Every structure is written in C-alpha cells, then in structure tokens.
There are 2 protein chains.
Amino acid sequence: MGATKTDLFTKQQNDIAIMAKALAHPARIAILQYLVKKNACVCGDLVDELGLAQATTSQHLKELKTAGLIQGTIEGASVCYCINPKVWKQYQQLFAGFFKEVDLNGPSCC
Amino acid sequence: MGATKTDLFTKQQNDIAIMAKALAHPARIAILQYLVKKNACVCGDLVDELGLAQATTSQHLKELKTAGLIQGTIEGASVCYCINPKVWKQYQQLFAGFFKEVDLNGPSCC
DNA sequence: TTGTAATATCGCAATATTACGATGTGTTGT
DNA sequence: ACAACACATCGTAATATTGCGATATTACAA
C-alpha cells in the first residue's frame with residue numbers, strides 16, 4: 001500500500017497529476033516566478049532568494065528540471081537557470097484544456 | 001524537518017501550491033473529468049468508476065471537497081457530487097494567470 | 001425493528017516528500 | 001598546488017500522502 005496506483009488511470013490523467021505535482025510546492029512556484037520575472041538566465045541568486053538551505057533549493061531545482069519546466073546551463077563555476085518555454089507552453093495548454101471542458105453555466109447540483 | 005516551510009513564501013505562492021496539490025493525483029483528475037463529462041450531479045457511480053476501494057475513493061472526494069472543487073449533496077441514502085463552477089473558474093484563472101506571465105519569445109538561456 | 005445499501009471515518013502499514021548537514025565534484029583565483 | 005566558491009548528491013529524520021480493512025453512521029425497505 002501507500003504507492004499511487006497509476007495503472008488504474010489513463011496516461012493523460014497520470015500526466016496531468018505529475019505536472020500538478022511539479023507545481024505543488026510553494027518553493028517551486030517561487031523559483032518559477034522569479035525566473036519568469038527576470039525573464040532571463042539566472043545564476044546563483046536562487047539560494048539567497050528562497051529562505052531554504054542550499055541542499056533543499058538544489059533538490060527543488062532538480063525536480064523542476066526533471067519536470068522539464070526549467071533548464072540549467074553550466075556557466076563556469078555556477079549554473080544558470082531559465083524557463084524552458086516549450087515545456088512551459090505545454091503545461092499552459094494542458095491546464096487550460098483541462099479547465100476548459102466544463103460548462104460553467106450548466107446545472108450546479110441537485 | 002520534513003514539513004513544508006510555508007512561512008517563507010507569499011500567500012499567493014502557497015495558494016497556487018495548494019491548488020496544484022489538489023490536482024496532483026490521477027484519481028482526483030479522473031473524478032473531476034468524470035463529473036465534467038456528465039456535467040451534472042452524480043450519485044454513487046464514482047466508486048465503481050475508479051478502481052480504488054471505497055474508503056480510498058471517499059478520501060479523495062473529501063480532499064476535492066476541501067479544495068472546494070466539488071460539492072456533495074445528500075440525496076437520500078447516497079451523496080450526489082458535482083463540480084463547483086465558481087471555484088473551478090477560480091482555479092482556471094489562477095493557473096492561466098500564472099502561466100501567462102512569461103514572455104515565450106524571450107531569451108532562452110545563456 | 002431488522003436488514004441492507006451508501007458513505008464516512010478510524011487506524012494502520014507502505015511509500016513519498018521535505019528539509020538539512022555533511023560530503024563530493026568541478027571551477028576560479030592566488 | 002591550494003584555498004574558496006558554487007552546486008550536486010548522500011544519508012537521514014520528520015512529516016505527509018496513499019491505500020485499505022474494519023467499523024461507524026445514516027437512509028430506506030421489508
């Protein structure tokens with residue numbers, strides 16, 4: 001027990017859940033918003049920007065990288081991070097599509 | 001350790017993370033999609049629809065109710081669930097807003 | 001009233017996530 | 001070569017989530 005039963009659901013349902021999970025932590029939202037605000041490659045800063053330990057920050061960055069939302073480029077001794085626009089757009093469309101399919105003026109409930 | 005340090009982040013960042021967390025499980029996505037597809041009040045069906053045990057399904061329903069995304073109405077011996085359009089719209093706008101703020105044609109990375 | 005169906009809740013085991021110190025790895029300056 | 005810096009990774013503790021059997025709870029039907 002304890003593990004999510006992914007085999008019970010469609011690939012699309014699992015995909016949406018995985019994407020949502022990537023966004024399901026305020027530190028990761030903060031990282032993404034910071035990168036978006038700067039709209040450029042950001043080296044270093046991130047550990048100072050969040051209040052978290054360096055190891056923790058690095059872990060969140062790794063998860064965002066695994067999700068494809070950001071990319072890191074080695075720039076000398078440090079690493080530069082930025083949004084991956086292609087994947088960002090995919091997320092945007094997936095969520096927009098998911099939320100669009102409801103008839104908001106339909107019957108509410110019994 | 002172990003607990004998310006919510007005090008380090010803004011209310012908005014925590015809110016987005018909480019909303020994303022509500023969507024971060026395929027069973028909950030499946031429930032929402034089923035309710036959207038039916039576009040109406042659904043009694044019972046849900047436990048059969050997912051392959052999960054009744055207790056587990058009930059738990060996911062509770063989380064969606066806590067998130068405000070669905071509402072349940074007692075209808076005799078059973079409970080009818082449906083999307084809460086108002087909150088659904090809030091989620092839609094929040095995520096749309098979050099994803100919109102990026103200049104997709106901007107510089108990618110160093 | 002007694003039984004049954006539909007849900008909710010409790011309690012627990014398995015697993016996943018979050019956080020951080022310590023340590024490793026590669027880079028830059030001296 | 002060596003110290004200092006920037007990150008990544010490892011190991012581990014704390015906490016959260018997932019899943020389910022067992023047990024309430026409530027509504028209805030016989």
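What's counted below: heavy atoms across the whole structure, side chains too, no hydrogens, waters or symmetry copies. Quantities reported herein were computed from a predicted structural model and do not represent experimental measurements. So that the names make sense, note that chain A is the first sequence line, chain B the second, and so on, each numbered from 1.
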Nearest-Å distance, [atom1] ([X]) to [atom2] ([N])?
X	N	atom1	atom2	result
B:His60	D:dC20	NE2	C1'	11 Å
B:Ile74	D:dC28	CD1	P	11 Å
A:Asp7	D:dG19	CG	P	10 Å
B:Gln59	D:dT17	CD	C1'	8 Å
A:Lys62	C:dT17	NZ	P	12 Å
A:Glu63	C:dA19	CD	C1'	12 Å
B:Ile31	D:dT18	CD1	P	11 Å
B:Lys21	D:dT18	NZ	C1'	13 Å

### Task
Count the heavy atoms belonging to other residues, nucleotides or ligands that lie under 6.0 Å from NZ of A:Lys65, then report whether that count exceeds 12.
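Count over threshold, so yes.
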### B:Ile74 CD1: over 12 foreign heavy atoms closer than 6.0 Å
no
Under 3.5 Å: donor-acceptor pair, side chain of [X], backbone of [Y]:
X	Y	value
B:Thr66	B:Lys62	yes
A:Thr57	A:Ala53	yes
B:Trp88	A:Phe99	yes

### Message
On the nucleotide C:dT18, are OP1 or OP2 found under 4.0 Å from the side-chain N or O atoms that A:Thr56 carries?
### Response
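So the side-chain polar atoms of A:Thr56 never come under 4.0 Å of the phosphate oxygens OP1 or OP2 of C:dT18.
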### Message
Check the phosphate of D:dC20 against A:Lys5, side-chain N and O only, distance under 4.0 Å to OP1 or OP2. Yes or no?
### Response
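Indeed, a polar side-chain atom of A:Lys5 lies that close.
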### Task
Calculate, to the nearest 0.5 Å, the distance between atoms CG and CZ belonging to B:Leu23 and A:Phe98 respectively.
6.0 Å
### Message
Rounded at 0.5 Å granularity, tell me how far CG in B:Leu61 sits from CG in B:Leu35.
### Response
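Between B:Leu61 CG and B:Leu35 CG, I get 8.0 Å after rounding to 0.5 Å.
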Just the atom pairs and distances: protein N or O near nucleotides 1-8 of chain D's N or O, under 3.5 Å.
residue: D:dC7; atom: OP1; partner: A:Gly44; partner atom: N; Å: 3.0
residue: D:dC7; atom: OP1; partner: A:Val79; partner atom: N; Å: 3.1
residue: D:dA8; atom: OP1; partner: A:Tyr81; partner atom: OH; Å: 2.6
residue: D:dA8; atom: OP2; partner: A:Ser58; partner atom: OG; Å: 2.8
residue: D:dA8; atom: OP2; partner: A:Tyr81; partner atom: OH; Å: 3.4
residue: D:dA8; atom: N7; partner: A:Gln54; partner atom: NE2; Å: 2.9
residue: D:dA8; atom: N6; partner: A:Gln54; partner atom: OE1; Å: 3.1

### Task
Describe the nucleic acid contact of A:Leu52 in one word from base, sugar-phosphate, nothing, applying a heavy-atom distance below 4.0 Å.
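Contact class for A:Leu52: sugar-phosphate only.
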## Note on the structure
Result for 5'-nearest mapping on DNA chain C, choosing between A:Thr4 and A:Ala27, is A:Thr4
